[in-house]
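Start at 1 and go down the list; that is how both ligands and their atoms are numbered.
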Amino acid sequence: MSKLEVRTIAWELDGVPFLWNPDHPRFAILMNQISFLVIGFERYICRATRKAEEQITDPKVAVESELFRKQEAVHSAAHKKHVKALIKQYPGLESTLAKVLQTYDELYDAHPLKFALAHSGGLEAIFTPFFKMILDNRAVLFGGGDPRVASLFLWHFCEEIEHRSAALAIYNHIVGDYGYRLRNTRRFMKFSVSLINMLLEDFKTHVPDVPESCYKGDPFAGVPLSAKLRSSFGIFASQVPWHNPEHQPLPDYYQEWLGHWNNGDDVRRLYGDAGLLPKPAVATG
Ligand SMILES: [Fe+2]
Ligand SMILES: [Fe+2]
């Protein structure tokens, strides 16, 4: 039995500010970059995984694959809501989203299925050590932010931790060629970095009221060096052939978030500075 749960949440993101964390604008912008990127990346994963499912013969992998794909589809839709809220305020960003989607569609069409599965398996393995650093340091990164946006990312990163083994299991089941995945790892990384850089440049063009200084500096300023080094080492270790994402150290926050979810708490506004939420309209008359 797979432990994955598909959670559809009615996010309320209309009107959220571009600089949703005034205490950490560079991190806020990085998360905005990630929101745009994941719409394309997760749609790309869903296309590849759906195709792969035609070839999966192990029932356990088949169940995991379907739930993983559904989680990613829900993530992509949630980030689209966030991005659409930003586009409403800065209409030039519509072309940025179109560029991201087109880039992933072209990548999908240009390569065999095993390329997309290796891409998905390789990057998804990186996410656990990377998101652990972010979740462990949520106070400094998300604490001063708008809870509507902060809570969206915390939910997504927790579910990435939850399905950390799925993409690699699919790759190993269908393709299983470690050398092929390793040979292409740098290419996958370069592809994501070039899109992240493109997004930053597009933001500078289409979001003119953000001071240039907000685009500079370390997005992870305030995170202890030891946590950054541990995360970098984890990312490197995630690409070795014997790596098993199941055995990764997990952030405590994953269990904490799950507790909130199982309690029925409002996970749409779980974390951040409640003072930044819009004030409820006062009835007059
Ligand atoms: Fe995701
Ligand atoms: Fe994922």
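Protein N/O/S atoms closer than 2.8 Å to the Fe ion (ligand 2), listed by chain and residue number, are Glu72 OE2, Glu124 OE1, Glu124 OE2, Glu160 OE1, Glu160 OE2, His163 NE2.
In summary, the aromatic rings of Phe191 and Tyr104 are positioned with their centroids under 6.0 Å apart.
Between Phe236 and Phe233, the ring planes are tilted. Angles from 30° to 60° get that label. Ring geometry for His163 against Phe68 counts as perpendicular: the plane angle is over 60°, on a 0 to 90° scale with 30° as the lower cut.
Sorted by first and then second residue, the salt bridge (Lys or Arg N to Asp or Glu O under 4.0 Å) pairs with a member in residues 27-44 read Arg43-Asp105; sequence neighbours excluded. Listed by first and then second residue, the ring pair (Phe, Tyr, Trp, His ring centres under 6.0 Å) pairs that reach into residues 193-213 are Phe18-Phe203, Phe36-Phe203, sequence neighbours excluded. Annotation: side-chain hydrogen bond (donor to acceptor under 3.5 Å, both in side chains) contacts involving residues 17-30, sequence neighbours excluded, comprise Trp20-Asn32, Arg26-Gln33.
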